[in-house]
Amino acid sequence: METITLSLTDMAYGGDAIGRHEGQAVFVPLGIPGETVRVAVEARHRSFLRGRLLEVLQPSPERVLPPCPYFRRCGGCQWQHMSYRAQLHWKREIVRAQLRRIGRQEEPLVRPMLGMVTPWSYRNHVQLRPALGGGLGYYALHSHQVVPVERCLLVDPLLDELWHISEARLPGVQTVSLRAGVATGEKMILLEGAELQPPRLKGDLPFSCLYLAPDGQLHLLSGRAALQERLLGRTFRVSATSFFQVNSSQAERLIEVARRYVEPKEEETLLDIYCGVGTFAISLAEEVHRVVGVESSSEAVADALANAQANGVAGRCCFVAGDAARVLSKLDEEVQAILLDPPRAGCQPEVLAKIAQSFGQKQKSRPSRIVYVSCDPATLARDILRLNELGYRLIEVQPVDMFPQTYHIECVALLSACANAA
C-alpha cells in the first residue's frame, strides 16, 4: 500500500482533515490542520484520495489525548483527539466554507459557535445496535461493523442504567434507542426488530419500553408511550418515534437564538414548518398572535397538540399533519415570519418556492423574514442559494454546538426579504 507524507491544511465537513498530494485533495480521518502526517492511501478517486493516518510526524498544539478507550474504532465520535476550542473554531470555518462554496455567499456573517461549558454527558437520545459478540454499540468509523461499548462518555447519566441490554436477552432486536428527559428524569427504550411479534420482557421495568415491528406497528411493553422533557420552563411530551433535539441544554440556546431572529410580534402570525412536537412554536406562541405548525409525522403532531394544551397556548396554535409542500399549497392564512427546521436533507424546492410567496388572499406582501434551523451546513447553503434566487438575502448565521466531540453542526440562519424583489 502506498504511503505518503502530508501537511494538513483544512478540515472537511464530515470530520476529515485535508492535505494535498500531487494536486489532489487527500482526506485523512483523525488528523488536525497544521499537522505533518504519514498516511496510507486507501482509495483513489478521480479528484481526491482517501488516506489512513499512520503516524503524526508533527502534531498540532490542539491535539489532545482522547479520554474514551473506544475512540478511533467507534464511529460515534470523530473529534475527541482535538481540543474543544479547536472543534468550535473548525465548525465555524466549515459553515463559512459551505456557505461560500455551495451557497455562493461571498462574505457570510457567521457568528462564533455557541459551545458548552462541559462538552460531555450531553446526549438524551442514542441509537445502538447489538454487537456480534454480545452487548450494544455503535458502528465503527467508516464501517457497518458494530463496536461493542460498555459506556459512552457522550450520554447523559440517566441513560447509563438503560445501556446494558444484551442481545441474548433480546433475540431478533436490531436497534435499541435509549431516551431520557434530562430535566424530568423519565426514561424510555425503543426496540426495533425483524419479528412482527414483540419480545417478552421479564418483570416490571422502572422505565418505558416499546417495540417497533417491521410493519410499523408500535407495541407498548412497559410504562408509557411517551416521555416528558422541560425546556425553558415548558414541558414537552415526546412520543417514542417523534424527533426531539438530543442535547437538552443546547436546545434551550437554540430556542433563544430562534426567538431573537424571529423577532416575535403580538400582531403577527408565525409559520413553523417541520415543527416536530412543537418545540419552537410553543416556545414562541405567547409572543405572537398565532402560530401555524406543519409536520409530516402524525405522532409528532399529536404531541404538539398535547404540548400546546399543557403549556396553556392551545388557543394560539394550530398544527397540521401532512407533507409540507401539499399543506402549504392549500394554506390560506396571512403569514409574516417563517421558521424552518427541516431534516438533514433540507427543504423541498416546492416548499421554498411557496414560502417566498404571499399567503392568504388578503396578504399584500410575502413573509419579511425566514429563520432556518439546520443540522447540515451543506443543505443549508444549498437552500440559502435557492432563497437568494427567490428574493431573500442572508443576514447572518449563528452556529450552536449541539454535538461536541463530533463533526455534526447545528445552525440558525436569518434571511430577510429583499425590498425590490417581486
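Numbers here are sequence positions counted from 1.
Expressed to the nearest 0.5 Å, how far CG of Asp272 lies from CG of Leu270 amounts to 6.0 Å. Here the straight-line distance linking atom CG of Leu210 with atom OG1 of Thr241 works out to 9.0 Å at 0.5 Å rounding. We find the CD1-CE distance between Ile94 and Met11 to be 6.5 Å, quoted to the nearest 0.5 Å. Note: Arg179 CZ to Gln127 CD = 10.5 Å, rounded to the nearest 0.5 Å. To the nearest 0.5 Å, atom CD of residue Glu93 and atom CG of residue Leu88 are 12.0 Å apart. Note that CG of Leu328 is 6.0 Å distant from CG of Leu271, once rounded to the nearest 0.5 Å.
In this structure, Arg366 satisfies the cation-pi test against Tyr392, with its NZ or CZ atom closer than 6.0 Å to the six-membered ring centre and inside 45 degrees of the ring normal.
Not one N or O on the side chain of Ser242 forms a donor-acceptor pair closer than 3.5 Å with the backbone of Val238. Looking only at distances, a side-chain donor or acceptor of Gln336 sits under 3.5 Å from a matching main-chain atom of Thr269. One N or O on the side chain of Asp215 and one on the backbone of Gln217 form a donor-acceptor pair closer than 3.5 Å. A donor-acceptor pair is defined here as one N or O able to donate and one able to accept, closer than 3.5 Å; such a pair exists between the side chain of Glu186 and the backbone of Gln228. A donor-acceptor distance shorter than 3.5 angstrom exists from the side chain of Lys91 to the backbone of His408, with no hydrogens or angles considered. A donor-acceptor pair under 3.5 Å is absent between the side-chain atoms of Glu295 and the main chain of Ala321, judged by distance alone. Formation of a donor-acceptor pair under 3.5 Å by the Asn307 side chain with backbone atoms of Gly278 is not found in this model. Side-chain atoms of Arg230 do not come within 3.5 Å of backbone N or O of Gly233 as any donor-acceptor pair. Between the side chain of Lys187 and the main chain of Pro206, no donor-acceptor pair closer than 3.5 Å is present. In this structure, the side chain of Ser208 does not engage the main chain of Ala225 through any donor-acceptor pair within 3.5 Å.
With respect to the salt-bridge test (charged N to carboxylate O, under 4.0 angstrom), the residues Arg316 and Glu286 do not qualify. Salt bridge absent: Glu42 and Arg50 never bring a charged side-chain N and a carboxylate O closer than 4.0 Å. One finds no salt bridge joining Glu287 and Lys265 here, because no Lys/Arg side-chain nitrogen approaches an Asp/Glu carboxylate oxygen to under 4.0 Å. Looking at Glu62 and Arg85, a side-chain N of the basic residue comes within less than 4.0 Å of a carboxylate O on the acidic one, giving a salt bridge. With respect to the salt-bridge test (charged N to carboxylate O, under 4.0 angstrom), the residues Glu256 and Arg259 do not qualify. Salt bridge present: Glu2 and Arg44 bring a charged side-chain N and a carboxylate O closer than 4.0 Å. Taking 4.0 Å as the cut-off between side-chain N and carboxylate O, Arg123 and Asp156 do not count as a salt-bridged pair. Using a 4.0 Å cut-off between a side-chain N of Lys or Arg and a carboxylate O of Asp or Glu, Glu268 and Arg290 do not qualify as a salt bridge.
Judged by distance alone, the side chains of Tyr139 and Arg129 do bring a donor and an acceptor atom under 3.5 Å apart. Checked by atom type, the side-chain pair Gln245/Gln250 shows no donor-acceptor distance below 3.5 Å. Side chains of Tyr261 and Glu396: a donor-acceptor N/O pair is present below 3.5 angstrom, by distance only. Neither side chain, Ser143 nor Gln145, offers a donor N or O lying under 3.5 Å from an acceptor on the other. The closest side-chain donor-acceptor pair between Asp303 and Ser239 falls under 3.5 angstrom. In this model, no donor atom of one side chain and acceptor atom of the other lie less than 3.5 Å apart for Tyr407 and Asp16. Side-chain contact, Glu229 with Ser248: a donor N or O sits under 3.5 Å from an acceptor N or O.
Considering all non-hydrogen atoms of both residues, Ala417 and Pro367 come closest at CB-O, 3.8 Å. What you find for Ala285 and Val291 is that their closest heavy atoms are CA-CG2, 3.9 Å. Nearest heavy atoms, Val126 versus Tyr138: CG1-OH, 3.6 Å. For the pair Cys152 and Trp163, the tightest heavy-atom approach, listed with the atom from each and the gap, is CB-CH2, 3.6 Å. The two residues Ile18 and Ala12 come nearest to each other via the heavy atoms CD1-CB, 3.6 Å. In this structure, His45 and Gln24 approach most closely via the heavy-atom pair O-NE2, 3.4 Å.
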*Decide side-chain contact (heavy atoms from CB on, under 4.5 Å) for Cys411 and Val95; before the verdict, give the C-alpha distance in whole Å, the side-chain angles of both, and the deciding distance to 0.1 Å.*
CA-CA 8 Å; Cys411 292; Val95 174; 3.6 Å; yes
_Candidate pair His81 and Ile32, rule side-chain contact (heavy atoms from CB on, under 4.5 Å), full reasoning_ = CA-CA 9 Å; His81 64 297; Ile32 301 175; 3.6 Å; yes
_With side chain to side chain donor-acceptor pair (under 3.5 Å) as the criterion, how do Gln105 and Asn388 come out once you've worked through the C-alpha distance, each side chain's angles and the decisive distance to 0.1 Å?_
CA-CA 10 Å; Gln105 307 296 306; Asn388 286 170; 2.5 Å; yes
_Test log, rule side-chain contact (heavy atoms from CB on, under 4.5 Å), inputs Phe280 and Val373_ = CA-CA 10 Å; Phe280 292 108; Val373 181; 4.0 Å; yes
*Could you walk me through whether Phe236 and Leu231 pass side-chain contact (heavy atoms from CB on, under 4.5 Å), step by step?*
CA-CA 8 Å; Phe236 295 91; Leu231 299 177; 4.0 Å; yes
*Derivation of the salt bridge (Lys or Arg N to Asp or Glu O under 4.0 Å) call for Arg326 and Glu350*: CA-CA 9 Å; Arg326 288 199 295 269; Glu350 309 93 292; over 6 Å; no
*Run the side chain to side chain donor-acceptor pair (under 3.5 Å) check on Glu299 and Ser297 step by step: do they pass?*
CA-CA 5 Å; Glu299 293 83 3; Ser297 166; 3.2 Å; yes
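The shortest side-chain heavy-atom distance between Glu107 and Arg96 does not fall under the 4.5 Å cut-off. Side-chain atoms of Ile189 and Phe207, non-hydrogen and from C-beta on, do get closer than 4.5 Å to each other. Between Pro148 and Tyr70 the shortest side-chain heavy-atom distance does not fall below 4.5 Å. Residues Leu352 and Ile355 form a side-chain contact, since some pair of their non-hydrogen atoms from C-beta on lies under 4.5 Å apart. In this structure, Glu410 and Leu254 have side chains that are in contact, with non-hydrogen atoms separated by less than 4.5 Å. Annotation: side chain of Val64 is not in contact with side chain of Met82 (no heavy-atom distance under 4.5 Å).
The environment of Arg386 atom CZ is dense: over 12 non-hydrogen atoms of other residues, nucleotides or ligands sit within 6.0 angstrom. Within 6.0 Å of CD on Glu150 lie no more than 12 heavy atoms contributed by other residues, nucleotides or ligands. Counting non-hydrogen atoms of neighbouring residues, nucleotides and ligands closer than 6.0 angstrom, the CZ atom of Arg38 exceeds 12 such neighbours. Atom CZ of Arg100 has more than 12 heavy atoms from other residues, nucleotides or ligands within 6.0 Å.
The side chain to side chain donor-acceptor pair (under 3.5 Å) test with Gln87 singles out one residue from Gln405, Gln78, Gln80, Arg92, and that residue is Gln405.
Taking the ring centroids of His125 and Phe244, they lie at or beyond the 6.0 Å cut-off.
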